There are 2 protein chains.
Amino acid sequence: METTQLLKGVLDVAVLATIRDDDGYGYDVVRRLRAAGIDEVGDASVYGTLRRLYASGALSTYVVPSDDGPHRKYYSITGEGRTQLDEQRATWRRFADTMTELLDPSPARRAGVRTIGEKK
Amino acid sequence: METTQLLKGVLDVAVLATIRDDDGYGYDVVRRLRAAGIDEVGDASVYGTLRRLYASGALSTYVVPSDDGPHRKYYSITGEGRTQLDEQRATWRRFADTMTELLDPSPARRAGVRTIGEKK
DNA sequence: CCACGCTACCGCGTGATGCGCAGTACTACG
DNA sequence: CGTAGTACTGCGCATCACGCGGTAGCGTGG
């Protein structure tokens, strides 16, 4: 994948956002992410991320047996997790803005950050 | 650094954008990136990226001796490099939009992608 | 009944990449 | 001469997404 490197550090917050409102199990989180536009995400990456987030205290988990298939390991976001989500969301926004501005410099900067012909 | 992972796959395009208009040498590219808001970038990362881009044909290079200090290895973007820059810029924009939408779902989606209470 | 296929999860090894650190070298300044 | 700033390089490490293979439950068709 060519966007594979872009996911670094972002999968965490993407997964948190995905289950922010509804608990989810791995296989389903993969589907949700793909539906959201992160098409190329590998399932192993998601399972790994869920485990990592669980280990860090951002998620809690419970297993639900299923009649039509294997059991499902649901993950639920914790208070810790919501805090992380908010922080990382803000971090992402700042970073994305910086990058976007660097890639497509807007000629008329908002809030007079610098005037047109500035040097340093 | 906490944004260290966010840089993955993005430093390439950031460096290309940095020297798109003016050739630059490593030490200076680091300063430009930091000035642009990518404060936490390590110098070794930039030097490595420049070398990688050069190896891939996106940059050409020439050495300029300097009176007041060590020599400077300038890098200049090639046609190849400009093509890469445009492609990766588009990739970034798509990715950033997807992520932003996932993190802060806009209640009124543009272009009626889905209506408010939709389920699946 | 067995082979498939889908759902669901896990572990292992790999590859890309950013980073810290150490080292080299040149200039200027006290 | 020692120190600081400029400028570049190489080495090893850590993070993290991914591919692949394996396990397992369930349903369907030959």
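A quick note: this is a predicted structure, and the numbers were derived from the prediction, not measured.
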note: Gln5(A), atom CD; dC16(D), atom C1'; distance rounded to Å ~ 9 Å
Measure the distance from CG on Asp28(B) to P on dG5(D) and round it to the nearest whole Å. 18 Å
Is the distance from OP1 or OP2 of dG18(C) to the nearest side-chain N or O of Thr4(B) less than 4.0 Å? no
Salt-bridge criterion met for Asp97(B) and Arg93(B) (N-O under 4.0 Å): no
Can you see if the side chain of Arg52(B) gets near the phosphate of dA16(C) - specifically, an N or O under 4.0 Å from OP1 or OP2? no
For atom CG of Leu50(B) and atom C1' of dG10(D), their distance in whole Å: 16 Å
Is there a side-chain contact between Arg72(B) and the phosphate of dC8(D), meaning an N or O under 4.0 Å from OP1 or OP2? no
Mark yes or no for whether Ser66(B), through its side chain, and His71(B), through its backbone, hold a donor-acceptor pair below 3.5 Å. no
Whole-Å distance separating the NZ atom of Lys8(B) from the P atom of dT15(D): 10 Å
What's the shortest heavy-atom distance between Gln84(B) and Leu53(B), and which atoms? OE1-CD2, 4.1 Å
Among dC16(D), dC19(C), dA8(C), which nucleotide sits nearest the side chain of Val41(B)? dC19(C)
From the options dG18(C), dC16(D), dC10(C), select the nucleotide whose nearest atom is closest to the side chain of Asp43(A). dC10(C)
Minimum-distance nucleotide to Lys73(B) side chain [options: dG19(D), dG18(C), dC8(D)]: dC8(D)
To the side chain of Leu11(B), which of dT15(D), dA7(D), dG18(C) is closest? dG18(C)
Which whole-number value in Å describes the distance from Asp39(B) CG to dC19(C) P? 12 Å
Length of the CG-C1' vector between Leu6(B) and dA17(D), whole Å: 14 Å
Side-chain donor or acceptor of Ser76(A) paired with backbone N/O of Thr61(A) under 3.5 Å: no
Please check the phosphate of dA17(D) (OP1 and OP2 only) for any side-chain N or O of Thr49(A) closer than 4.0 Å. yes
Distance test, side-chain N/O of Arg51(B) to OP1/OP2 of dG10(D), below 4.0 Å: yes
May I have the distance from Leu7(A) (atom CG) to dC16(D) (atom C1'), rounded to whole angstrom? 10 Å
Select one nucleotide: of dC26(C), dG18(C), dA8(C), the one nearest the side-chain heavy atoms of Pro70(B). dC26(C)
On DNA chain D, more 5' by nearest nucleotide between Gly9(A) and His71(B) is His71(B)
In this structure, how many angstroms lie between the P atom of dT6(D) and the CZ atom of Arg31(B), rounded? 6 Å
Using 4.0 Å as the upper bound for N to carboxylate O, is an ion pair formed by Arg82(B) and Asp86(B)? no
Please classify the nucleic acid contact of Gly48(A) as base, sugar-phosphate, or nothing, using heavy-atom distances under 4.0 Å. nothing
With a 4.0 Å limit, can you tell me whether Tyr47(B) has a side-chain N or O closer than that to the phosphate oxygens OP1/OP2 of dC8(D)? yes
Closest to side chain of Tyr27(A), choosing from dC8(D), dC19(C), dC9(C): dC9(C)
Among dC18(D), dA16(C), dA7(D), which nucleotide sits nearest the side chain of Ser45(A)? dC18(D)
Proximal nucleotide (of dG19(D), dG18(C), dA7(D)) relative to the Ala44(A) side chain: dG19(D)
Compile the donor-acceptor pairs under 3.5 Å between side chains in residues 8-19 of chain B and protein atoms, sequence neighbours left out, one pair per line.
residue, atom, partner, partner atom, Å
Asp12(B), OD1, Arg52(B), NH2, 3.3
Thr18(B), OG1, Ala14(B), O, 2.7

